[in-house]
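All residue numbers refer to positions in the sequence shown, counting from 1. Note that the coordinates shown come from a computational prediction; the quantities given were computed from them, not determined experimentally. Note: hydrogens, waters and symmetry copies are ignored here, and every other heavy atom, side chains too, is used.
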Amino acid sequence: MKLIPYWLDTAQPSGDYRSTPVPDNVDVAVIGAGFTGLSAALEFARQGASVAVFERHTVGWGASGRNGGMATTGLAIGFSSAVKRYGEARAVEYFREYNDAIDSIEKLVHDYAIDCDFNRFGKLSLAYHESHNDGFKKSQQLLARLVDHHVTLIPKSDIHSEIGTDFYQGAMMDPLGAGLHVGKFAHGLAGAAANAGAQICENAGVTELKRVKGTVHDVHTTRGIARAKQVLVATSGYTGNVTPWLQRRVIPVGSFIICTEPLPEDVVNRILPNRRMASDSKMLTYYFRITPDNRLLFGGRARFALSSPDSDVKSAAILRKAMLELFPYLSNAKVDYIWGGLVDLSMDQMVHAGEHNGLFYSLNYSGHGVQMAAHMGKRMAHYMGGDKSANVWSDLKNPPVPGHFGPPWFLPFIGAAAKIIDRVK
């Protein structure tokens with residue numbers, strides 16, 4: 001088994017950016033070479049701005065290379081909950097932003113000829129309890145009435161048309177959900193940004209931000225100091241004490257994944273015959289899909305802990321047991337990859353993007369970051385250029401997590417509460 005993300009291990013790097021010089025001055029400094037940062041850098045460079053991306057590790061090392069490779073519709077809180085919380089008009093606007101986000105990925109793939117196995121396989125939401133089907137039905141009705149967006153309900157009696165397990169009580173299928181190879185996509189974005197003139201500096205962790213005036217900052221990195229007219233923080237679940245105001249507003253939750261060896265075609269056709277992106281309705285969600293080379297990728301919040309080699313191995317054992325509970329016929333399948341990463345939850349499970357004390361940021365994708373991160377990078381380039389309409393999330397309140405000033409001591413309590421909720425029908 002390899003303790004590295006399958007996506008990064010099977011992607012060809014777009015270049016070696018470890019020795020790219022740190023520039024003295026740039027129009028824009030971007031912190032983080034994930035989807036948000038790379039997409040923003042590409043757009044800034046395309047507009048003619050000088051831009052440098054500073055990454056502590058390498059391109060796609062963080063959440064962008066450690067997820068399930070799913071670009072799916074809908075908000076983390078669900079459409080019905082969004083209607084209750086924000087009203088119909090705002091809920092529709094937020095929902096459509098996620099559809100636009102998937103379109104953004106598709107356009108980037110097309111415009112820059114990024115070979116990353118992008119396909120609109122559809123999204124399969126699976127009911128863990130029978131009662132969860134009621135929520136699916138309500139969402140179906142609301143989406144059709146308010147958004148003219150149509151999903152299909154699948155009763156338990158027909159569930160084998162979509163998935164080879166009796167574990168779930170029904171499903172909802174949205175045809176617009178997509179899957180992609182996120183390692184190839186990250187390096188495709190990096191290559192496009194570099195070709196457009198962006199400077200990507202790997203092994204250049206940001207250690208300090210010193211505000212000069214307004215939005216101008218001196219960006220101190222492990223490889224030098226750059227003065228930037230604007231700074232975009234795109235650090236997702238890896239937001240740390242360099243930006244304490246943001247750190248207090250990010251709940252970094254570990255999400256863990258196992259990936260099997262390549263499976264025979266008949267087995268793959270049994271598991272997910274239509275190759276949907278699948279996730280269930282538990283608080284401690286399982287999510288899974290078939291990779292481009294016919295592996296089963298199976299992930300979830302197996303433990304409310306941060307990712308580390310030891311934590312990843314413990315979580316992998318839990319996930320393999322869960323995988324076999326769903327698909328017992330995989331008992332002889334080898335697990336080739338195990339890894340973990342950090343999801344950047346917020347108190348309200350909504351995206352937060354804007355500007356605070358001269359720093360711009362886009363964070364808190366709450367487990368839906370594949371599409372929204374790539375989308376918000378481009379959006380933030382326009383927002384930072386003065387187009388305030390480019391950021392639909394700008395007026396959302398962004399409350400801090402009470403008592404959160406450093407390591408997330410509260411994760412075990414969140415995990416315990418989630419387990420109790422999952423036991424209640």
Side-chain angles (χ1 to χ4, degrees), residues 26-53 64 71 73-76 82 86-87 89-112 147 176 185 189 192-193 196-198 214-217 228-236 239 243 246 249-250 344 346 348-366 368-398:
V26 288
D27 293 321
V28 182
V30 178
I31 306 175
F35 294 157
T36 304
L38 294 171
S39 174
L42 172 57
E43 184 63 18
F44 277 121
R46 193 189 66 79
Q47 293 175 4
S50 60
V51 55
V53 182
S64 295
T73 58
L75 296 85
Y86 301 110
R90 294 309 297 273
V92 168
E93 182 181 26
Y94 295 149
F95 184 89
R96 285 180 172 155
E97 194 72 5
Y98 274 90
N99 283 3
D100 291 346
I102 304 173
D103 292 343
S104 288
I105 289 184
E106 191 165 28
K107 189 173 190 306
L108 285 165
V109 168
H110 176 269
D111 290 352
Y112 297 96
V147 196
L176 295 187
F185 181 60
L189 280 180
T215 63
V216 179
H217 286 76
K229 295 176 183 177
Q230 293 180 313
V231 177
L232 173 62
V233 180
T235 46
S236 189
T239 302
T243 54
L246 291 172
R249 287 157 174 79
V250 173
D344 53 336
S346 58
D348 57 3
Q349 290 186 272
M350 297 293 287
V351 178
H352 291 284
E355 183 252 335
H356 177 75
N357 283 350
L359 278 181
F360 294 91
Y361 61 93
S362 183
L363 305 162
N364 297 123
Y365 301 126
S366 296
H368 290 62
V370 171
Q371 67 278 27
M372 191 52 67
H375 181 64
M376 283 305 297
K378 182 175 181 178
R379 290 288 204 202
M380 288 304 293
H382 290 275
Y383 180 77
M384 292 165 66
D387 179 7
K388 299 309 178 186
S389 68
N391 178 13
V392 303
W393 318 103
S394 61
D395 63 346
L396 285 176
K397 293 181 179 179
N398 194 357

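- Smallest separation of non-hydrogen atoms from F35 and A373: CB-CB, 3.7 Å.
- Put simply, the side chain of Q371 reaches to within 4.5 Å of the side chain of H368, judged on heavy atoms.
- Partners of D100 according to the salt bridge (charged side-chain N to carboxylate O under 4.0 Å, His left out) rule, which considers only residues two or more places apart in sequence or in another chain, do not exist here.
- Distance check, rounded to the nearest 0.5 Å: CG of L359 to CD1 of I31 gives 7.0 Å.
- Note: Y361 OH to H356 NE2 = 8.0 Å, rounded to the nearest 0.5 Å.
- Contacts of S236 classified as side-chain contact (heavy atoms from CB on, under 4.5 Å), with partners at least two apart in sequence or in another chain: A63, D344.
- Between L363 and T235, the shortest heavy-atom distance links the atoms CD2-N, 3.7 Å.
- Partners of A29 under the side-chain contact (heavy atoms from CB on, under 4.5 Å) rule, at least two apart in sequence or in another chain, are V26, F54, V219, A228, V231.
- For residues 369-397, every residue pair satisfying the ring-ring contact (aromatic ring centres under 6.0 Å, His included) rule, not counting sequence neighbours, is listed here: Y94-W393.
- Two residues are said to be in side-chain contact when any heavy atoms from C-beta on lie closer than 4.5 Å; R379 and E43 fail this criterion.
- To the nearest 0.5 Å, atoms NE2 (H217) and CG (N357) are separated by 8.0 Å.
- Considering all non-hydrogen atoms of both residues, A45 and A198 come closest at CB-N, 3.9 Å.
- Taking 4.5 Å as the limit, some side-chain heavy atom of V370 sits within range of a side-chain heavy atom of I105.
- With D27 contributing its side chain and V51 its backbone, the two residues share no donor-acceptor pair below 3.5 Å.
- At least one side-chain heavy atom of L42 sits under 4.5 Å from a side-chain heavy atom of L108.
- Considering NZ of K397 and CE of M350, their distance stands at 14.0 Å, rounded to 0.5 Å.
- For the pair F360/V233, no side-chain contact is recorded, criterion being any heavy-atom separation below 4.5 Å from C-beta on.
- Distance check, rounded to the nearest 0.5 Å: CG of L176 to CD1 of I102 gives 6.5 Å.
- Here the closest heavy-atom approach between residue A234 and residue G37 is recorded as CB-N, 3.8 Å.
- Note that OG1 of T243 and CZ of R249 are 11.0 Å apart. Values are rounded to the nearest 0.5 Å.
- You'll find the side chain of L38 stays beyond 4.5 Å of the side chain of F185, heavy atoms only.
- Panel note: side chain Q230, backbone M384; a donor-acceptor pair is recorded below 3.5 Å.
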(message) Between S346 and D348, does the side-chain hydrogen bond (donor to acceptor under 3.5 Å, both in side chains) criterion hold? Intermediate values first, please.
(response) CA-CA 5 Å; S346 58; D348 57 3; 2.9 Å; yes
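- Annotation: salt bridge (charged side-chain N to carboxylate O under 4.0 Å, His left out) contacts of K378 (sequence neighbours excluded): none.
- By the side-chain contact (heavy atoms from CB on, under 4.5 Å) test, A353 pairs with S362, M376, M380, N391, sequence neighbours left out.
- Donor-acceptor pairing under 3.5 Å is recorded for the side chains of S389 and D387.
- Shortest non-hydrogen contact noted between R46 and A196 is N-CB, 4.5 Å.
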